[in-house]
Colleague: 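Pasting a structure here, questions to come.
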Amino acid sequence: MARKFSRSHEEATRSDRPGTSRNDPHRGDTARSDNPRRARIEIAFEEQTVLGALFGQFDQNLVQIENRLGVYISARGNKAVIEGPDDAVARARDVLKGMHQRLLTGHEVDAGAVESLIMMSNEPTLEGIITGAPDGAPPIMIRTRKKTIVPRSATQIEYMRALVRDDVIFALGPAGTGKTYLAVAQAVAQLINGSVQRLILSRPAVEAGERLGFLPGDMKEKVDPYLRPLYDALYDCMPPEQVERRLASGEIEIAPIAFMRGRTLADAFVILDEAQNTTPMQMKMFLTRFGQNSRMVICGDPKQTDLPGGPAASGLNDAVNRLEGVDGIGMVRFKVADVVRHPIVGRIVEAYEGKDE
């Protein structure tokens with residue numbers, strides 16, 4: 001029997017100036033003025049068993065929202081009162097409701113989840129993602145053996161939809177936006193439910209600005225350091241014993257892109273990571289491995305190539321220029337605002353990209 005959850009409800013009073021309304025076309029300008037309108041909202045949560053996790057230890061989740069949005073939140077019992085500029089209060093309300101719904105559906109709420117909800121609170125799709133689409137469609141999520149993954153930014157929503165819709169997907173953008181992680185999670189989910197028979201993960205074996213020289217060991221031991229991020233994503237989505245068993249059976253294969261030549265990858269979910277470090281010939285070779293009942297995801301940051309010739313020599317940039325608009329090929333572009341690691345990572349990326357430009 002399906003579990004039934006009670007939903008949070010709110011009672012709101014707003015001190016809007018006479019003659020203005022929420023639909024006033026000039027409202028945005030007023031909100032950005034030196035004297036923004038103030039608002040006060042009270043939210044009551046009927047499901048009280050999750051309030052400890054909702055507010056956080058010593059109200060740390062509420063403090064995080066206060067610091068990020070410039071509001072004041074007081075919590076007493078099952079109620080929270082939010083005060084501040086009306087736009088910020090509305091965003092804080094949506095974040096709290098989103099956190100509450102995540103807890104009711106069995107997801108954890110940590111500092112990263114709070115930060116992602118704050119970032120999404122400016123997007124009109126926030127409500128649909130947290131509680132389900134208006135037409136009754138289920139929320140967007142990826143279920144694996146270890147966890148259920150939900151989008152943490154508006155672009156991740158677009159990306160997760162593309163992962164189930166398009167045959168070939170290019171995921172472009174800076175580090176920390178979830179390009180590879182979400183692709184691996186979707187691949188694991190499809191491997192588990194039998195949609196594909198194999199999971200193939202590949203990267204170019206290109207050193208990041210270093211010359212490591214000859215590495216000891218056999219071929220696997222030589223290339224494994226380059227492929228470590230793919231192993232990390234796999235172990236985060238599947239129990240370790242299952243990863244090892246499927247690696248041994250060949251259901252999961254992790255290999256440098258050089259090993260792809262001459263193959264036809266049918267009934268497989270194929271992921272190419274760090275694609276900006278491929279040459280145009282390598283990229284063409286990889287893309288033409290595509291077989292029946294397969295899906296291919298190419299992840300990379302066009303601005304971070306480690307090839308001697310720089311971005312101009314990148315097979316990723318060449319492929320994007322050639323394949324933009326081709327039927328069956330999706331292009332998802334992440335921005336600095338989509339970084340879902342620690343907030344400082346987004347600021348670091350923005351500082352570097354701004355300086356480069």
Side-chain angles (χ1 to χ4, degrees), residues 102 105-107 112-113 116 120 125 128-129 132-133 137-173 175-203 227 229-240 242-243 246-247 251-255 260 265-275 286-287 289-301 316 328-334 338-341:
R102 281 179 67 96
T105 52
H107 302 301
S116 68
M120 291 175 64
T125 51
I129 291 305
I140 297 172
M141 60 181 61
I142 299 173
R143 295 185 185 276
T144 67
R145 289 281 167 83
K146 289 187 70 174
K147 58 173 63 175
T148 298
I149 299 162
V150 296
R152 289 191 166 194
S153 74
T155 310
Q156 283 193 359
I157 298 168
E158 177 189 352
Y159 184 38
M160 291 170 72
R161 286 178 176 146
L163 287 172
V164 298
R165 180 189 66 225
D166 298 319
D167 295 325
V168 178
I169 303 101
F170 283 83
L172 314 170
T177 50
K179 303 184 301 294
T180 304
Y181 185 84
L182 290 177
V184 171
Q186 179 65 21
V188 167
Q190 291 198 211
L191 183 65
I192 291 171
N193 66 29
S195 300
V196 296
Q197 302 303 311
R198 293 183 295 166
L199 169 52
I200 299 173
L201 309 173
S202 184
R203 291 183 87 184
L227 306 174
L230 297 176
Y231 283 103
D232 293 341
L234 266 180
Y235 284 117
D236 203 40
C237 295
M238 295 181 75
Q242 284 201 25
V243 174
R246 292 176 186 267
L247 282 168
E251 291 178 86
I252 298 177
E253 179 182 346
I254 303 179
M260 298 295 110
L265 307 176
D267 295 306
F269 199 114
V270 189
I271 300 171
L272 175 61
D273 191 27
E274 299 292 335
F286 183 82
L287 290 171
R289 302 307 94 198
F290 192 84
Q292 295 292 330
N293 189 37
S294 291
R295 178 159 283 116
M296 188 174 279
V297 184
I298 296 93
C299 306
D301 182 355
L316 176 63
I329 296 180
M331 300 277 181
V332 180
R333 289 178 169 85
F334 290 87
D338 298 308
V339 173
V340 292
R341 291 180 187 165

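What you are looking at is a predicted structure, and each value in this text was computed from that prediction instead of being measured.
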Colleague: What residues, two or more places apart in sequence or in another chain, satisfy salt bridge (Lys or Arg N to Asp or Glu O under 4.0 Å) together with R165?
Modeller: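 Not a single residue meets the salt bridge (Lys or Arg N to Asp or Glu O under 4.0 Å) criterion with R165.
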Colleague: Out of curiosity, R295 CZ to D167 CG, how far, rounded to the nearest 0.5 Å?
Modeller: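 Nearest 0.5 Å value for the CZ-CG distance: 6.5 Å.
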Colleague: Can you tell if the side chain of V270 reaches within under 4.5 Å of the side chain of F290, non-hydrogen atoms only?
Modeller: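 V270 vs F290: side chains apart.
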Colleague: Nearest 0.5 angstrom please: E158 CD to L163 CG, how far?
Modeller: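 Between atom CD of E158 and atom CG of L163 there are 10.5 Å.
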Colleague: Can you tell me how far CG of L199 sits from CD1 of I271, rounded to the nearest 0.5 angstrom?
Modeller: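 Answer rounded to 0.5 Å: 5.5 Å.
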Colleague: Considering non-hydrogen atoms only, spot the tightest contact between I142 and A189 and give its length.
Modeller: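 Distance-wise, the nearest heavy atoms are CG2-CB, 4.0 Å.
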Colleague: For a quick test of your reading: what N or O donor-acceptor pairs under 3.5 Å do the side chains of residues 179-188 make, sequence neighbours left out?
Modeller:
{"unit_1": "K179", "atom_1": "NZ", "unit_2": "G173", "atom_2": "O", "d": "3.1"}
{"unit_1": "K179", "atom_1": "NZ", "unit_2": "P174", "atom_2": "O", "d": "2.9"}
{"unit_1": "T180", "atom_1": "OG1", "unit_2": "D273", "atom_2": "OD1", "d": "2.6"}
{"unit_1": "Y181", "atom_1": "OH", "unit_2": "K147", "atom_2": "NZ", "d": "3.3"}
{"unit_1": "Y181", "atom_1": "OH", "unit_2": "D236", "atom_2": "OD2", "d": "2.5"}
{"unit_1": "Q186", "atom_1": "NE2", "unit_2": "Q190", "atom_2": "OE1", "d": "3.1"}

Colleague: Is the side chain of Q156 donor-acceptor paired with the backbone N or O of T177 at a distance under 3.5 Å, no angle test?
Modeller: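 Present.
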Colleague: Checking S202 side chain against L272 main chain: does a donor-acceptor pair fall under 3.5 Å?
Modeller: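 Answer holds: no.
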Colleague: Which heavy atom of I169 sits nearest a heavy atom of V332, and at what distance?
Modeller: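 The answer is CG2-CG2, 4.4 Å.
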Colleague: For D267, does its backbone N or O pair with a side-chain atom of R198 as donor and acceptor, under 3.5 Å?
Modeller: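 Between the backbone of D267 and the side chain of R198 there is no qualifying donor-acceptor contact (under 3.5 Å).
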Colleague: Is the backbone of F170 close enough, under 3.5 Å, to the side chain of R333 for a donor and an acceptor to pair up by distance?
Modeller: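 Judged by distance alone, no pair lies under 3.5 Å.
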Colleague: Do F269 and L191 come close enough that some side-chain heavy atom pair is under 4.5 Å?
Modeller: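 They are not in side-chain contact.
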Colleague: Looking at A175 and V339, what are the two nearest heavy atoms and their distance?
Modeller: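 Distance-wise, the nearest heavy atoms are O-CG2, 3.7 Å.
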Colleague: Could you go through the side chain to side chain contact (heavy atoms under 4.5 Å, CB included) check for N293 and Q197 one step at a time?
Modeller: CA-CA 10 Å; N293 189 37; Q197 302 303 311; over 6 Å; no
Colleague: Please report the shortest heavy-atom distance between L265 and S294, naming the atom on each side.
Modeller: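 Distance-wise, the nearest heavy atoms are O-OG, 2.6 Å.
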Colleague: Where is the tightest heavy-atom contact between F334 and A171, given as atom of each residue plus distance?
Modeller: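 Taking every non-hydrogen atom into account, CE1-CB, 4.3 Å.
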Colleague: Do R246 and L234 have side-chain heavy atoms sitting under 4.5 Å apart?
Modeller: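 Result no, sub-4.5 Å side-chain heavy-atom pair not found.
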Colleague: Could you give the distance from CG (D166) to OH (Y159), rounded to the nearest 0.5 Å?
Modeller: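 So the gap between those two atoms works out to 11.0 Å.
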Colleague: Which heavy atom of R289 sits nearest a heavy atom of M260, and at what distance?
Modeller: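 Smallest heavy-atom distance, with atoms named: CD-O, 3.2 Å.
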Colleague: Which value, rounded to the nearest 0.5 Å, describes the distance between I254 atom CD1 and I200 atom CD1?
Modeller: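 Those atoms lie 11.0 Å apart.
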